[in-house]
Amino acid sequence: MGSLDGKAVLVTGAGRGIGREEARLLAAEGAHVVVNDLDTDQAKAVVDEITAAGGTALADGEDVSTWPGAEAAVGRVVAELGRLDVLVNNAGIIRDAMSFSITEEQWDAVVQVHLKGHLAPSHFAGRHWRERSKAGHSHQRGRIVNTVSESGLYGLAGQVNYATAKAGIASMTIVLARELAKYGVTVNAIAPRARTRMTETVLGSLTPEPGAFDEWDPANVAPVVAWLAGDGTDAITGQVLVVFGDKVHLMNGWDRCGRIDNDRRRWTVEDLSGRVDELFGDRPTGLPVTGFGE
Ligand SMILES: NC(=O)c1ccc[n+]([C@@H]2O[C@H](COP(=O)([O-])OP(=O)(O)OC[C@H]3O[C@@H](n4cnc5c(N)ncnc54)[C@H](O)[C@@H]3O)[C@@H](O)[C@H]2O)c1
């Protein structure tokens with residue numbers, strides 16, 4: 001018996017990298033997985049791996065960053081498997097550039113694949129869960145697991161398109177969690193770190209010592225997704241978890257960390273200039289500290 005026996009799952013961008021490992025583990029845990037990837041040959045290869053290992057999967061080549069593509073991908077899960085239980089939004093691309101060098105095309109492509117590529121499948125999945133709830137399936141356990149990045153949480157230079165889109169997905173996660181709670185759906189996000197095609201140019205040489213734990217293996221990310229997808233996480237929603245190797249960090253979002261009050265009078269520039277120390281306390285007034293490397 002697996003922890004996800006019989007669940008109907010859609011993983012986007014699952015033809016390689018982190019998504020491939022997620023699809024394989026979810027299937028090994030008993031889920032029926034639709035392996036989506038624009039690269040259909042890759043999606044089919046993952047389906048073959050899953051079937052060879054005794055699992056159930058089928059391939060889908062829709063572009064989930066378009067409304068019709070997302071509708072078709074979610075519709076396919078429902079048509080083939082009878083319903084959707086788990087949506088893993090994972091598909092992604094990078095087109096790195098500094099804000100002063102970036103082209104409109106680099107901006108649009110990345111924002112579309114990540115932001116719309118997360119919202120569009122979530123929109124159609126949410127519609128499905130709302131309809132099921134109205135039809136009397138009051139105990140359904142819908143799950144969305146989004147994929148963000150520490151680049152977006154900390155703001156990495158050279159990735160203005162990617163980081164902005166990923167930060168948007170972190171916000172989207174909270175909105176969707178609030179909107180879908182009443183239909184029994186939880187929505188969380190992971191921020192993974194792994195050696196994949198996306199990161200190989202930077203991390204390619206990071207091969208583990210023989211016999212040592214390979215913290216960059218993309219397969220390290222999948223158990224967290226399988227756990228979030230399961231029945232034991234009803235109470236966990238609207239959260240962002242950084243997942244790297246054997247570490248899982250719970251992230252705290254935007255939060256108030258300093259305050260000044262002008263005693264029911266509108267601020268003047270002079271007032272504000274004189275209260276900087278009080279507002280910032282011990283915190284840096286310059287670039288925010290990042291958690292990379294921890
Ligand atoms: N690798 C890391 O360290 C890392 C770090 C932070 C976040 N992420 C995120 O994890 C996710 C997976 O990244 P990866 O490293 O496995 O990358 P990858 O390039 O190995 O895999 C991404 C897959 O998504 C597919 N894809 C792209 N656009 C698509 C679309 N519109 N519709 C369907 N499929 C599409 C690609 O064909 C590819 O197979 C991405 O969202 C990425 O931003 C990765």
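One-based numbering, in listed order, for ligands and for the atoms of each. Each residue takes its place number in the sequence, starting with 1.
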- prompt: Do you see a donor-acceptor pair shorter than 3.5 Å between the side chains of Asp48 and Thr51?
  reply: no
query: Strictly under 4.0 Å, does any heavy atom of Ala194 approach an atom of ligand 1?
result: yes
- request: Can you sort out which atoms of ligand 1 are near Asn36, meaning under 4.0 Å from one of its heavy atoms?
  value: 33 (C), 34 (N)
- request: Before accepting this row, confirm whether a basic side-chain N of the pair Arg141/Asp231 lies closer than 4.0 Å to the acidic partner's carboxylate O.
  value: yes
query: Is it the case that His114 and Lys166 place a side-chain donor and acceptor less than 3.5 Å from each other?
result: yes
field: For ligand 1, the portion of Val113 having any non-hydrogen atom under 4.0 Å away
entry: side chain
- prompt: Of all the atoms in ligand 1, which lie at a distance below 4.0 Å from a heavy atom belonging to Arg197?
  reply: 19 (O), 20 (O), 36 (C), 38 (C)
- prompt: Would you say ligand 1 has an N or O under 3.5 Å from any N or O of Thr196?
  reply: yes
Where ligand 1 meets Tyr162 - atom numbers and elements under 4.0 angstrom, heavy-atom basis: 6 (C), 7 (C), 8 (N), 9 (C), 42 (C), 43 (O)
query: To which of Asn90, Thr147, Thr12 does the heavy atom nearest atom 40 (C) of ligand 1 belong?
result: Asn90
field: Min heavy-atom dist Pro192 to ligand 1 below 4.0 Å
entry: yes
query: Does at least one non-hydrogen atom of Asn89 fall below 4.0 angstrom from an atom of ligand 1?
result: no
- prompt: If you draw a 6.0 Å radius around CZ in Arg283, do more than 12 non-hydrogen atoms from other residues or ligands fall strictly inside?
  reply: no
message: Within the 4.0 Å heavy-atom shell around Thr199, which atoms of ligand 1 are there?
response: 1 (N), 2 (C), 3 (O)
message: Distance under 4.0 Å to a non-hydrogen atom of Gly17: what atoms of ligand 1 satisfy this?
response: 16 (O), 20 (O)
message: Under a 4.0 Å threshold between the charged nitrogen and the carboxylate oxygen, would Arg259 count as salt-bridged to Asp261?
response: yes
Ligand 1 contact by Glu62, heavy-atom criterion under 4.0 angstrom: yes
query: Does ligand 1 have any atom that is closer than 4.0 Å to a heavy atom of Lys166?
result: yes
- prompt: Going by the atom numbers of ligand 1, which of them fall below 4.0 Å from some non-hydrogen atom of Val148?
  reply: 6 (C), 7 (C)
- request: Report yes or no: do Asn89 and Ser122 form a side-chain donor-acceptor pair below 3.5 Å?
  value: yes
query: So, do Asn188 and Leu241 sit near enough that their side-chain heavy atoms are less than 4.5 Å apart?
result: no
field: Results of side-chain contact (heavy atoms from CB on, under 4.5 Å) for Asp39 - residues two or more places apart only
entry: Arg16, Asp37, Asp41, Gln42
- prompt: Which ligand 1 atoms does Asp63 reach within 4.0 Å, using its non-hydrogen atoms?
  reply: 30 (C), 31 (N), 32 (N)
4.0 Å heavy-atom contact, Arg193 with ligand 1: yes
Check: Val185 and Arg143 side chains under 4.5 Å, non-hydrogen atoms: no
- prompt: Are the ring centres of Trp67 and His123 closer than 6.0 Å?
  reply: yes
- prompt: Is the shortest distance from a heavy atom of His114 to ligand 1 less than 4.0 Å?
  reply: yes
message: salt bridge (charged side-chain N to carboxylate O under 4.0 Å, His left out), that's the test. Do Arg197 and Glu200 meet it? Break it down for me.
response: CA-CA 5 Å; Arg197 181 183 68 161; Glu200 71 192 351; over 6 Å; no
